Amino acid sequence: MTTVSPPINLQNALLEVAAHLYVWALKDIPQDLRDALAAARDRETSTTGKRVLETIHRNIQIADEQKNLVCQDTGIAVFTCRVGEGFPLHPVRIYQALKAGTERATVEHPLRSNAVHTITRENTGQNTGYRLPIVHWEFVPDWDGLDVKCVPKGSGSENMSFLKMCVPADGVRGIKEFVLESVVGAGGKPCPPGIVGVGIGGSADYAMYLAKEAIARPVGTRNADPIVAQLEEELFRLLNETGIGPMGLGGDVTVLQCHIEHADTHMTLNPVAVNYQCWAARRASAHVAADGTVDYDREF
Ligand code: SF4
């Protein structure tokens with residue numbers, strides 16, 4: 001963990017945090033992901049699959065040596081903020097800082113800008129735009145800190161996002177079938193092996209949000225609810241029996257993990273969302289204290 005001394009202006013400090021997190025996430029993938037990729041390489045038995053995983057390792061090694069990005073797709077910057085009720089900066093100002101930080105990182109690094117107007121397809125040039133970056137908010141009572149997590153999401157994997165409004169009669173079997181259908185249908189498109197995030201319950205929009213939360217967990221962590229954790233284990237095993245393999249070229253390792261987040265739902269609903277995260281499952285976090293002290297860490 002790196003601690004940075006308190007700055008004078010909190011909004012400017014947060015701008016720096018956003019810029020740092022975006023670039024850090026793109027260049028230096030977390031240790032738990034590195035371990036999962038190494039374990040995948042060791043257990044893969046297909047010659048082609050093993051070669052793909054060795055190429056991924058070489059890719060990471062070169063990125064480390066050259067302090068460069070692990071993938072050219074800088075994604076869209078997606079932030080999650082946990083804001084304490086006593087944090088002395090209004091969320092409006094927090095959002096402004098995150099947006100300005102994303103722009104600074106894009107221009108100063110420089111990073112490829114992916115952000116376009118959704119109709120005209122005109123590139124905004126700074127990886128920001130109308131309602132970009134995307135920020136998810138949580139508010140925490142009796143606390144004066146701020147946690148920020150940046151999860152840049154590449155399009156190859158984000159395009160492999162699926163939602164099904166199962167009916168309650170479909171039960172858990174329907175959930176499992178939909179997850180398997182989605183991953184088999186995606187094949188090599190989301191740059192496997194990655195993390196399959198599954199969101200169940202809530203509403204249509206919330207199920208997808210939960211799936212996105214699931215992909216941002218440390219690789220291999222289990223849901224605190226033992227029933228959900230058991231489903232994670234079962235899906236992880238089933239998904240790796242599909243034979244899709246690294247980059248869809250066949251093999252034992254189709255996914256590094258399956259994570260599930262859940263919410264209670266309406267008695268006549270059974271929503272299931274799948275959000276695939278590629279092998280370059282990038283994420284980085286920081287804790288910002290009310291006095292502006294910043295601790296850079298992977299998790300919050
Ligand atoms: S899906 Fe991931 S690994 Fe594939 S190109 Fe996009 S960011 Fe890179």
Side-chain angles (χ1 to χ4, degrees), residues 21-38 40-41 44 48-64 66-79 102 105-106 109-116 121 123 127-128 132-134 149-162 182-198 208 211-219 239 242 244-251 253-259 273-284:
L21 287 180
Y22 191 20
V23 174
W24 182 28
L26 292 172
K27 286 185 169 180
D28 179 15
I29 59 171
Q31 190 57 47
D32 52 86
L33 177 61
R34 291 169 187 260
D35 294 344
L37 286 165
R41 180 188 54 191
E44 179 59 64
T48 309
K50 214 170 182 59
R51 197 172 296 151
V52 168
L53 289 162
E54 277 163 2
T55 303
I56 287 173
H57 275 273
R58 182 79 185 114
N59 183 133
I60 296 165
Q61 202 179 12
I62 292 169
D64 286 343
Q66 299 186 359
K67 301 195 185 324
N68 212 333
L69 313 184
V70 292
C71 181
Q72 88 292 340
D73 186 351
T74 52
I76 47 174
V78 181
F79 294 93
T102 303
T106 302
H109 188 276
L111 301 171
R112 187 181 87 180
S113 176
N114 305 307
V116 299
R121 314 306 289 180
N123 198 306
N127 271 322
T128 58
L132 282 180
I134 294 162
K149 177 160 60 182
C150 180
V151 180
K153 194 67 165 60
S155 62
S157 57
E158 186 67 3
N159 275 328
M160 297 300 103
S161 305
F162 308 96
S182 299
V183 173
V184 170
K189 290 179 196 159
C191 297
I195 302 159
V196 174
V198 180
M208 189 55 78
K212 295 295 284 278
E213 284 288 291
I215 57 138
R217 276 174 23 202
V219 186
L239 289 166
T242 59
I244 294 166
M247 292 294 161
L249 297 173
V253 184
T254 296
V255 299
L256 297 176
Q257 259 309 332
C258 177
H259 296 163
V274 175
N275 187 260
Y276 203 105
Q277 177 63 301
C278 58
W279 69 263
R282 302 159 295 186
R283 67 178 202 278

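For ligands, and for the atoms within them, numbers begin at 1 and follow the listed sequence. Only a predicted model underlies this, so the values are computations on that prediction, with no experimental measurement involved.
The shortest contact between atom 4 (Fe) of ligand 1 and any protein heavy atom is with Cys191 SG, 2.4 Å. Protein heavy atom in closest approach to atom 1 (S) of ligand 1: Ser157 N, 3.4 Å. Scanning the protein for heavy atoms near atom 6 (Fe) of ligand 1, the closest one is Asp73 OD2, 3.5 Å.
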Please lay out, stage by stage, how Asn114 and Ser155 fare under the test side chain to side chain donor-acceptor pair (under 3.5 Å). CA-CA 9 Å; Asn114 305 307; Ser155 62; over 6 Å; no
Audit row: Ser113, Asn123, side chain to side chain donor-acceptor pair (under 3.5 Å) steps and yes/no: CA-CA 7 Å; Ser113 176; Asn123 198 306; 2.8 Å; yes
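With ligand atoms numbered from 1 in the order given, ligand 1 contributes 3 (S) to contacts under 4.0 Å with heavy atoms of Trp279. For ligand 1, the atoms sitting less than 4.0 Å from at least one non-hydrogen atom of Gly154 are 7 (S), numbered in the order shown with element in parentheses. For ligand 1, the atoms closer than 4.0 angstrom to any heavy atom of Gly156 are 1 (S), 6 (Fe).
Among the atoms of Cys278, an N, O or S atom falls under 2.8 Å from atom 2 (Fe) of ligand 1. With a cut-off of 2.8 Å, atom 4 (Fe) of ligand 1 has no N, O or S atom of Cys71 in range.
Salt-bridge check for Asp73 with Arg282: failed, with every basic side-chain N at 4.0 Å or more from each acidic carboxylate O. At a threshold of 4.0 Å, the pair Arg51-Glu44 does not count as salt-bridged, since none of the basic side-chain nitrogens sits closer than that to a carboxylate oxygen. With respect to Arg34 and Asp64, a salt bridge is recorded, a charged nitrogen being found less than 4.0 Å from a carboxylate O.
Taking both residues in full, the closest heavy atoms of Leu33 and Trp279 are given as CD2-O, 3.4 Å, listed atom of the first, atom of the second, then distance.
By the criterion of a heavy-atom distance under 4.0 Å, the side chain of Arg282, and not its backbone, is placed next to ligand 1.
Counting heavy-atom neighbours within 6.0 Å of Lys189 NZ, excluding the residue itself, gives a total of 12 or less.
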